[in-house]
Number of protein chains: 2
Amino acid sequence: MAARTSQRPVAARSTRTGASRPSKPRLTARDAEQPDTIDASQIDFGPLSQYLGYYLRRLYDGYRKHFVAQAADLDVQPREVGALFVIGLNPGLTPSQLSVALALDGAQITAMLNMFDSRGLVERRVSSVDARSRLVYLTPAGKRMLDKLRKLVGGFDRSFAGDALTDAELGQLIGLLAKLHAGIGD
Amino acid sequence: MAARTSQRPVAARSTRTGASRPSKPRLTARDAEQPDTIDASQIDFGPLSQYLGYYLRRLYDGYRKHFVAQAADLDVQPREVGALFVIGLNPGLTPSQLSVALALDGAQITAMLNMFDSRGLVERRVSSVDARSRLVYLTPAGKRMLDKLRKLVGGFDRSFAGDALTDAELGQLIGLLAKLHAGIGD
DNA sequence: TATTGTTATACTCTATAACTATA
DNA sequence: TATAGTTATAGAGTATAACAATA
């Protein structure tokens, strides 16, 4: 029942994993009608190649991989770099301030701080003015880590962009991204 | 044992979740020495505000949320849009070609196709020239979905950018991102 | 033996709700 | 009662290895 028009209730797709029992591929004998060979290098992306989101996803993905590969010996993820910079530059800030600054929710901040803590990179002290608050500081080891990251990350954009963009273009790109970031609520 | 210099073996961090038992926050009485109040609006981001990766992460994150909010009734994730566009524009391509085109590995492609299949959006036929291959097509329902997405996505970048960027700047940004994407291996 | 597609598994990331301790 | 931080859990995203069918 329910002809295969767009009748399907939209809320019916509760869980997206699992992707229950795909219907068996048809064993049609009439395959000869289609090109059957599409050169992977000449795939039509249509309007996709005009969309901001498409490039943001692809490029962030590539950037992350590039970063993780180069920072393998430090065992640090990209977003953790941001966290260590912010903590280092703003000693004594609270987890909730970190949460706002990095646009990560409290639970994620706690998990990240626990991980930093277990590695001896940060320290949390209880605030003297509000015992609910914690003040976050880099330990000496955390400062050394931040120094290493500063060096690593210094020429990173340049090496990621390779010869795809000139210095001027890269600067222009970062400027536009910064302007967009600043101009939207995020 | 093992003074807290950088002696810690780097490979020791096998699992990153769990973040085993954080050391209890110190109950120091000398908290009065620090500012203790950092206005969340005046956090120092230092060089972070110069890094490509920082903006790519923040902006892609915002873009994804914006998209999911607006496309809630279609129940589609951003990357699934790309997949449906590519399948629609290249009927009869194989999962491995899709994998190259979208930079997702085979397992992810299969999972996505299973999900599309269970929703009646795509169909997989076995190739007549190589029985290992599958040829992927949009069903009529898949084509209707693609039409809806085309409409939704048409003005999407513009609405995401809001008044943060002019049309010219947005075009310039997409141009630079496309150039960067094309110029690196990704 | 190599390749296509698939399944299984695990780790990371993200989001939500519930709990604690303080206020 | 409200807030800061934490814990627990589950859903998505990503990566890897192993497997079946076919070449």
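All values derive from a computational prediction rather than experimental measurement. In the text below, chain A, chain B and the rest are named by the order of the sequence lines, each starting its count at 1.
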B/Phe67: what forms a ring pair (Phe, Tyr, Trp, His ring centres under 6.0 Å) with it, not counting sequence neighbours?
B/Phe156
Which residues pass the ring pair (Phe, Tyr, Trp, His ring centres under 6.0 Å) test with A/Tyr60, sequence neighbours left out?
none
Separation of atom [atom1] in [X] from atom [atom2] in [N], rounded to whole Å:
| X | N | atom1 | atom2 | result |
| --- | --- | --- | --- | --- |
| A/Met112 | D/dG5 | CE | P | 15 Å |
| B/Tyr60 | D/dA12 | OH | C1' | 11 Å |
| B/Arg125 | C/dG5 | CZ | P | 15 Å |
| A/Leu135 | D/dA4 | CG | P | 13 Å |
| A/Leu98 | D/dT6 | CG | C1' | 15 Å |
| A/Leu104 | C/dA15 | CG | P | 9 Å |
| A/Arg57 | D/dA12 | CZ | P | 17 Å |
| B/Phe116 | C/dT6 | CZ | P | 14 Å |

What class does the angle between the rings of [X] and [Y] fall in, given that below 30° is parallel, 30 to 60° is tilted and above 60° is perpendicular?
| X | Y | result |
| --- | --- | --- |
| A/Phe160 | A/Tyr63 | perpendicular |
| A/Tyr55 | B/His181 | perpendicular |
| A/Phe85 | B/Tyr51 | perpendicular |

Looking at [X], does any N or O in its side chain come under 4.0 Å of the phosphate oxygens OP1/OP2 on [N]?
| X | N | result |
| --- | --- | --- |
| B/Gln77 | D/dA12 | no |
| A/Arg124 | D/dT6 | yes |
| A/Asn114 | D/dG5 | no |
| A/Thr94 | D/dA4 | no |

Restricting to nitrogen or oxygen on both sides, can you table the protein-nucleotides 15-23 of chain D pairs closer than 3.5 Å?
from, atom 1, to, atom 2, distance (Å)
D/dA23, OP1, B/Ala131, N, 3.0

Check against salt bridge (charged side-chain N to carboxylate O under 4.0 Å, His left out), B/Asp147 and B/Arg144
CA-CA 5 Å; B/Asp147 281 341; B/Arg144 283 193 297 274; over 6 Å; no
Mind checking A/Ser96 for me? I need base, sugar-phosphate or nothing, with any heavy atom below 4.0 Å counting as a touch.
sugar-phosphate
For B/Arg79 and A/Ser133, find the nucleotide of DNA chain D closest to each by heavy atoms; which residue's nucleotide sits nearer the 5' end?
A/Ser133
Check whether the side chains of A/Asn114 and A/Arg124 place a donor and an acceptor atom closer than 3.5 Å, and report yes or no.
yes
